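In what follows, a structure is listed as structure tokens, so that the remarks can point back to it.
Not measured: the values here are computed from a predicted model.
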Amino acid sequence: MTDLSSQYLDEVRRQFRGHKRMAEAAMAQIEDKDFFATLDAESNSIAVLAKHIAGNARSRFTDFLTSDGEKPDRFRDREFEIPTTTSRSEVMRTWEEGWGVVFATLDSLRPEDVIRTVTIRQEPHTVLQALNRALAHYAQHVGQIVFLAKHLRSHEWKTLSIPRGKSEEFKSSSPSRATRGAFNPDPKKA
């Protein structure tokens, strides 16, 4: 079990890092005005999504093994409010702080912790369940960030994966490029 638990923790760390990296690659393509843009009154901006992920991360991963994942000092509804005076750098600082808590906690977990019980809103979860829950939650919002960034950039969007019409070229690309997970049609730039 310890071997499998160790592999699981390695994989979940890789997945969280990948989601953070994908969101940041999308956010890097947008201008400040678009960072705060919403598609309609019921939509969230990229800034709101980043703030929400950070707030959830801080709450869920602070004292992960010893306290409930819904901290009494978390005010979730405020994560969906962005005052007009808020800057992109403020949101990104909060984003980095939230992810810092995630990665510090993940790095502290031992294989035997995977079957321990933690609570989220007083509901018991194994560590494995709690990590999978957070991973799925963040993946959902990272997908929203990518969608919004792509929509807002339109024809100027630079794909984060295999470009349309390039799948066959990717399949025949060198194994080193494929294992890195990055598509680069120009081997000289690999």
Side-chain angles (χ1 to χ4, degrees), residues 8 10-61 74 76-84 86-106 130-171 173 176-186 189-190:
Y8 169 77
D10 288 345
E11 177 59 16
V12 84
R13 285 182 195 102
R14 188 185 74 76
Q15 289 284 330
F16 275 112
R17 284 188 175 86
H19 291 314
K20 180 179 186 281
R21 192 171 39 252
M22 180 174 282
E24 290 171 350
M27 290 188 282
Q29 294 191 48
I30 60 170
E31 299 173 14
D32 287 353
K33 69 176 179 56
D34 289 337
F35 189 70
F36 297 95
T38 57
L39 299 182
D40 58 54
E42 291 300 313
S43 297
N44 292 316
S45 66
I46 291 172
V48 163
L49 292 165
K51 184 179 174 186
H52 171 58
I53 290 171
N56 180 278
R58 186 197 59 78
S59 185
R60 295 291 185 266
F61 287 90
R74 180 185 184 204
R76 183 181 177 278
D77 290 342
R78 290 186 197 159
E79 294 166 11
F80 297 92
E81 300 169 0
I82 302 277
T84 56
T86 303
S87 70
R88 181 176 183 157
S89 63
E90 288 174 80
V91 173
M92 293 310 295
R93 187 171 39 257
T94 301
W95 167 266
E96 287 299 332
E97 289 167 0
W99 281 105
V101 176
V102 171
F103 295 128
T105 296
L106 290 175
L131 294 176
N132 285 347
R133 177 177 168 160
L135 187 63
H137 183 201
Y138 301 168
Q140 171 194 0
H141 290 312
V142 166
Q144 291 172 322
I145 289 169
V146 172
F147 172 82
L148 284 168
K150 184 176 181 180
H151 173 79
L152 293 165
R153 292 300 291 165
S154 187
H155 65 279
E156 295 173 358
W157 173 255
K158 293 178 182 66
T159 189
L160 303 178
S161 62
I162 302 167
R164 286 184 187 171
K166 300 289 184 174
S167 296
E168 294 304 312
E169 189 176 330
F170 180 78
K171 285 192 324 192
S173 68
S176 63
R177 278 198 303 233
T179 56
R180 282 197 314 265
F183 178 78
N184 183 353
D186 184 351
K189 295 181 182 177

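Nearest approach of Leu49 to Gln144, heavy atoms of both residues: CD2-OE1, 3.2 Å. Taking all atoms of both residues into account, the shortest heavy-atom contact from Ala47 to Val91 is O-CG1, 3.7 Å. Of all non-hydrogen atoms in Ala50 and Ile145, the two that sit nearest each other are N-CD1, 4.4 Å. Considering all non-hydrogen atoms of both residues, Arg13 and Phe103 come closest at O-CE2, 4.4 Å. The two atoms that bring Ala23 and Trp95 nearest to each other are CB-CH2, 3.7 Å, heavy atoms only. Considering all non-hydrogen atoms of both residues, Ala57 and Gly98 come closest at CB-O, 3.5 Å.
One N or O on the side chain of Glu90 and one on the backbone of Ser87 form a donor-acceptor pair closer than 3.5 Å. Judged by distance alone, with hydrogens and angles left aside, the side-chain atoms of Ser45 form a donor-acceptor pair with the main-chain N or O of Val48 at under 3.5 Å. Formation of a donor-acceptor pair under 3.5 Å by the Ser59 side chain with backbone atoms of Gly55 is not found in this model.
Distance check, rounded to the nearest 0.5 Å: NE2 of His151 to CH2 of Trp157 gives 12.5 Å. Taken to the nearest 0.5 Å, the CG atom of Leu106 stands 7.5 Å off from the CZ atom of Arg17. Rounding to the nearest 0.5 Å gives a distance of 10.5 Å between CD of Glu169 and CD1 of Ile162. To the nearest 0.5 Å, atom CD of residue Glu24 and atom CG of residue Leu160 are 12.0 Å apart. In this structure, CZ in Arg21 is found 10.5 Å from CH2 in Trp99, a value given to the nearest 0.5 Å.
Under a 4.0 Å N-O distance rule, the pair Glu96/Arg93 does not qualify as a salt bridge. Salt bridge annotation for Arg78-Glu81: absent, with no cationic side-chain nitrogen under 4.0 angstrom from a carboxylate oxygen.
Using a 4.5 Å heavy-atom threshold, the side chains of Asn44 and His52 count as separate.
Between His137 and the options His141, Gln140, Arg133, a side chain to side chain donor-acceptor pair (under 3.5 Å) holds for only His141.
Note on ring orientation: taking the six-membered ring where Trp is involved, the planes of Tyr138 and Phe61 are tilted (angle from 30° to 60°).
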Show me, pair by pair, the donor-acceptor contacts under 3.5 angstrom made by side chains of residues 28-37, not counting sequence neighbours?
from, atom 1, to, atom 2, distance (Å)
Gln29, OE1, Lys158, N, 2.8
Gln29, NE2, Lys158, O, 2.8
Asp32, OD1, Arg88, NH1, 3.1

* Can you check side-chain contact (heavy atoms from CB on, under 4.5 Å) on Leu135 and His19, steps first, answer last? -> CA-CA 9 Å; Leu135 187 63; His19 291 314; 3.5 Å; yes
